[in-house]
Amino acid sequence: MQGSTFDDLRRANARELVQLDFPGYAIGGLSVGEPPEVMYEMVARTTPGLPADRPRYLMGTGTPEDLVESVARGIDLFDCVLPTRNARNGQLFTSEGKINIKNARYAEDDRPLDPACGCYTCATCSRAYLRHLFMAGEINSSTLNTLHNLNFYLDTLRRIRDAIAFGRFESFKVAFRQRLAGEPQDS
Ligand SMILES: [Zn+2]
C-alpha cells in the first residue's frame, strides 16, 4: 500500500488492494524520514481499512519504540536494517536504553551488555571485551553485537505477543517506553 502521508490516497489504495484479496498487506512509503508521530498517525488511519484476518506488514520499520507503537496501531510484521547496521556501528539496544560500546566508560566494565538478555553475547562477553573488539576492528565485534541486537528485537516482539495474550499490552507499552528512554546506569 502506498499513498505517502495523504490519508485519502492511502484509504483509496487500501480499498483497491483489498478487492484483489491478497493473503497479506504490506504498507510502504512510511518510515522514510517523516517524523515518527506522522508515521504513527498514518498507520493508525490506514490499518482499519485492511482485513483483520490478514497480516499487515510495515515495511522498513524501525526502532524498538516504533515496533511497540505500530503494533498498538494494528501492525503484525516488520523488517529493518536498524538492529544489524547499528550493531556493526557499536550501538546496542538494551532493556535499559541504548549503549554506545565505543564509549570509554565501558573500558573496564565487566558486566554483561544487558543483564536481562539471554543471548550468547550477553552470556559470554563483558562490555569491556565487546568494547575492546570494537576498538580493535575485530570482525567478531560485528558478529557478537549483531547477535545481541537481533535477540533484543526478537525478544521485544515475544514480549509484545505475551502482553497481548495476557491482556496487558497498554501497561507494557507505557513501561517499555519509560525504560527505553533512559540510559543504562553505571552501577
Ligand atoms: Zn544479549
Side-chain angles (χ1 to χ4, degrees), residues 30-32 36 39-40 43 55-187:
L30 291 173
S31 202
V32 289
M39 176 178 83
Y40 299 157
V43 169
R56 300 152 176 176
Y57 157 40
L58 184 57
M59 305 177 80
T61 302
T63 64
E65 293 91 335
D66 289 342
L67 303 189
V68 176
E69 294 299 329
S70 300
V71 168
R73 291 161 176 80
I75 299 297
D76 302 298
L77 290 172
F78 303 92
D79 81 290
C80 194
V81 300
L82 205 66
T84 51
R85 187 176 60 199
N86 285 23
R88 293 192 301 275
N89 293 330
Q91 195 172 74
L92 302 166
F93 297 98
T94 81
S95 57
E96 296 176 341
K98 274 183 282 194
I99 280 185
N100 191 334
I101 205 67
K102 277 178 278 195
N103 201 312
R105 70 201 276 197
Y106 303 119
E108 294 183 26
D109 191 336
D110 59 5
R111 291 171 301 166
L113 194 50
D114 184 352
C117 179
C119 84
Y120 175 82
T121 303
C122 290
T124 58
C125 303
S126 67
R127 294 175 182 181
Y129 181 57
L130 292 171
R131 179 174 187 275
H132 159 73
L133 291 177
F134 185 90
M135 300 310 279
E138 274 283 349
I139 192 68
N140 275 344
S141 165
S142 291
T143 306
L144 290 164
N145 290 350
T146 300
L147 279 176
H148 168 78
N149 271 0
L150 286 178
N151 191 81
F152 181 82
Y153 266 62
L154 292 173
D155 191 55
T156 297
L157 267 299
R158 213 173 286 130
R159 289 165 61 208
I160 289 173
R161 285 195 293 273
D162 286 349
I164 292 171
F166 287 105
R168 49 177 178 75
F169 179 68
E170 277 307 310
S171 56
F172 168 85
K173 190 168 74 133
V174 172
F176 188 82
R177 201 162 37 204
Q178 282 170 350
R179 291 197 76 179
L180 245 62
E183 220 183 278
Q185 300 302 304
D186 279 331
S187 56

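Counting convention: from 1, in listed order, for ligands and their atoms alike.
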Visitor: Where the side chain of Asn149 meets the backbone of Phe93, is there a donor-acceptor pair that is under 3.5 Å apart?
Guide: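 A pair under 3.5 Å: yes.
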
Visitor: Quick one: does Arg168's side chain have a donor or acceptor within less than 3.5 Å of a partner on Ile164's backbone?
Guide: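 Judged by distance alone, no pair lies under 3.5 Å.
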
Visitor: Are Glu65 and Arg177 ion-paired here, with the side-chain N under 4.0 Å from a carboxylate O?
Guide: no

Visitor: Run through the protein N/O/S atoms less than 2.8 Å from the Zn ion (ligand 1) and write them out by chain and number.
Guide: Cys117 SG, Cys119 SG, Cys122 SG, His148 ND1

Visitor: So which atom in Leu130 and which in Leu113 form the shortest heavy-atom distance, rounded to 0.1 Å?
Guide: CD1-CD2, 3.9 Å

Visitor: Is it the case that the side chain of Arg131 and the backbone of Asn103 share a donor-acceptor pair, with hydrogens and angles ignored and the cut-off at 3.5 Å?
Guide: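 At least one qualifying donor-acceptor pair exists.
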
Visitor: Identify the heavy atoms of Met59 and Ser31 that sit nearest to each other, and give their distance.
Guide: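 Heavy atoms only, the tightest pair is O-CB, 4.2 Å.
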
